[in-house]
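All values derive from a computational prediction rather than experimental measurement. To find a chain, count down the sequence lines: A is the first, B the second, and so on, and within it residues start at 1.
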Protein chains: 2
Amino acid sequence: MSDLLERLRGRGWRMTAQRRVVAEVLDGEHVHLTADEVHSRAVGKLPEISRATVYNTLGELVSLGEVLEVATDKRAKRYDPNAHRPHHHLVCSQCGAIRDVHPNGNPLADLPDAERFGFTVSDVEVTYRGTCPNCAAA
Amino acid sequence: MSDLLERLRGRGWRMTAQRRVVAEVLDGEHVHLTADEVHSRAVGKLPEISRATVYNTLGELVSLGEVLEVATDKRAKRYDPNAHRPHHHLVCSQCGAIRDVHPNGNPLADLPDAERFGFTVSDVEVTYRGTCPNCAAA
DNA sequence: GCTTGACTTAGACATTGTCTATTGTAGGAT
DNA sequence: ATCCTACAATAGACAATGTCTAAGTCAAGC
């Protein structure tokens with residue numbers, strides 16, 4: 001699991017207890033946490049860590065491309081540590097549950113030049129919405 | 001342009017000056033406004049309109065399916081009055097400009113059953129990201 | 001073991017969105 | 001046309017999320 005820590009160190013990241021804890025939280029479980037959830041869990045391991053540090057660290061991880069920001073539609077951004085395998089998201093409109101999914105095809109290729117308006121298009125994000133089995137049962 | 005107002009009236013919407021103004025703002029230009037921008041423009045036409053009313057009205061328009069909420073990644077949700085023609089979005093990562101686009105293909109069909117995890121998938125949202133000509137020039 | 005500049009902290013501040021209690025009013029009833 | 005009433009609007013407090021600053025702390029190189 002410390003691939004992440006190794007990579008970061010390799011990039012000249014100054015390794016502090018706080019950053020280690022944030023990285024561990026993200027690397028630990030494969031879920032999509034909000035910044036606040038990351039903070040709560042980090043506090044469990046390092047009680048004096050501050051909110052600002054968590055936000056800063058998350059921002060840096062995103063800049064470095066180690067973590068993805070996911071804006072589904074909830075109020076808070078979520079952070080996805082699965083940045084190295086391209087994937088998209090399936091979101092439950094009712095409870096907000098998120099799953100990683102791997103659709104066929106390449107949506108980037110589906111955007112004709114005439115629809116690019118001179119943009120240099122570099123990335124696509126696909127969000128499927130629906131109802132998860134739990135919410136459907138209720 | 002008062003198609004929108006007509007449709008709303010037909011659905012039993014109680015027509016107030018405030019709601020009319022909000023609907024006009026959205027119906028007027030084909031842009032993607034934040035709630036706050038809608039409020040500012042509404043204030044221009046009806047100075048005493050309150051923020052809460054704008055939020056309420058936008059929420060109702062979304063529930064009625066007359067307006068779409070777009071969560072690109074900026075802090076604020078944006079509202080897209082183009083709810084009746086399916087389309088997706090192309091966003092400039094630098095300045096945040098948004099264009100409506102119409103890719104080929106149907107991404108819904110590209111999600112195999114094995115990747116649906118028992119969800120009932122009803123909708124897809126595709127966000128292309130890149131750099132707009134303006135920002136590329138700079 | 002020093003030094004130094006990058007990192008962290010607490011908490012104020014900013015932005016976006018929600019809620020409540022009160023007041024106002026659209027539109028049907030008379 | 002006027003009155004009633006339920007629904008809508010208002011101001012402003014509150015909540016949630018994110019950003020900034022000034023001051024203290026510490027990792028890493030010397």
Side-chain angles (χ1 to χ4, degrees), chain A residues 2 5-6 8-25 32-64 66-80 96, chain B residues 2 5-6 8-25 32-64 66-80 96:
Chain A
S2 38
L5 291 178
E6 278 317 311
L8 294 172
R9 200 188 303 271
R11 300 207 203 191
W13 230 40
R14 192 159 140 189
M15 190 52 59
T16 67
Q18 292 82 354
R19 288 176 167 186
R20 191 162 16 242
V21 165
V22 170
E24 279 171 11
V25 167
H32 302 78
L33 300 169
T34 64
D36 220 51
E37 285 163 352
V38 173
H39 179 236
S40 303
R41 298 185 188 215
V43 165
K45 301 182 177 209
L46 186 69
E48 68 276 24
I49 193 171
S50 80
R51 271 181 352 114
T53 297
V54 171
Y55 278 103
N56 287 341
T57 305
L58 287 172
E60 286 161 20
L61 288 169
V62 170
S63 303
L64 291 172
E66 294 290 345
V67 163
L68 294 177
E69 249 177 32
V70 181
T72 56
D73 74 331
K74 310 293 281 186
R75 292 258 298 270
K77 289 181 204 153
R78 293 181 171 271
Y79 292 88
D80 186 340
Chain B
S2 39
L5 291 176
E6 279 315 312
L8 294 172
R9 200 189 302 274
R11 300 207 203 190
W13 231 41
R14 193 158 137 186
M15 191 52 58
T16 66
Q18 290 82 355
R19 288 177 167 185
R20 192 165 12 247
V21 165
V22 170
E24 280 172 10
V25 167
H32 303 77
L33 300 169
T34 64
D36 219 51
E37 286 164 353
V38 173
H39 179 236
S40 304
R41 297 184 188 215
V43 165
K45 301 183 176 209
L46 185 70
E48 68 276 23
I49 194 171
S50 78
R51 269 182 356 114
T53 297
V54 171
Y55 277 100
N56 288 340
T57 305
L58 288 172
E60 286 160 21
L61 288 169
V62 171
S63 303
L64 291 172
E66 294 290 346
V67 163
L68 294 177
E69 248 177 31
V70 181
T72 56
D73 76 330
K74 312 293 281 188
R75 292 259 299 272
K77 290 180 203 153
R78 293 181 171 271
Y79 292 88
D80 185 340

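Considering CG of A/L46 and CD of A/E24, their distance stands at 10.0 Å, rounded to 0.5 Å.
Residue A/Y55 has a polar side-chain atom (N or O) positioned under 4.0 Å from OP1 or OP2 of D/dG18. At C/dG24, none of the side-chain N or O atoms of B/Q18 fall inside 4.0 Å of OP1 or OP2 (strictly under the cut-off). Contact check, A/T16 against C/dT8: a side-chain N or O comes under 4.0 Å of OP1 or OP2. Note on A/R51: every side-chain N or O is 4.0 Å or more away from OP1 and OP2 of C/dG11.
Position along DNA chain C of the nearest nucleotide to B/Y79 versus B/R9 favours B/Y79 as the more 5'-ward residue. Summary of the strand contacts: B/W13 and A/L46 both lie near DNA chain C, and taking for each the nucleotide with the nearest heavy atom, the more 5' one is attributed to A/L46.
When every heavy atom of A/T34 is checked against every heavy atom of A/Y79, the shortest pair comes out as C-CD1, 4.4 Å. For B/A35 against B/V54, the heavy-atom pair with the smallest separation is O-CG1, 3.9 Å.
One can place CD of B/E48 at 10 Å from C1' of D/dA9, the figure rounded to the nearest angstrom. Rounded to a whole Å, the NZ atom of B/K77 is 15 Å from the P atom of D/dA16. Following rounding to the nearest Å, B/L8 (CG) and D/dA8 (C1') show an atom-to-atom distance of 15 Å. D/dT17 atom C1' lies 13 Å from atom CD of A/E69, rounded to whole Å. Rounded to whole angstrom, the span from the CE atom of A/M15 across to the C1' atom of C/dC7 amounts to 12 Å. Rounded to whole Å, atom P of C/dT8 lies 8 Å from atom CD1 of A/I49. Rounded to an integer number of Å, the gap from A/R20 CZ to D/dC26 P is 14 Å. Taking atom CG on B/N56 and atom C1' on C/dT20, their separation rounds to 12 Å, with Å as the unit.
Using a distance-only test at 3.5 Å, with no hydrogens or angles considered, a donor-acceptor pair links the side chain of B/R19 to the main chain of B/R14.
A/R14 contributes a side-chain N or O that forms a donor-acceptor pair with the base of D/dC26 under 3.5 Å.
A salt bridge is absent between B/R11 and B/E60: the closest approach of a Lys/Arg side-chain nitrogen to an acidic carboxylate oxygen does not fall below 4.0 angstrom.
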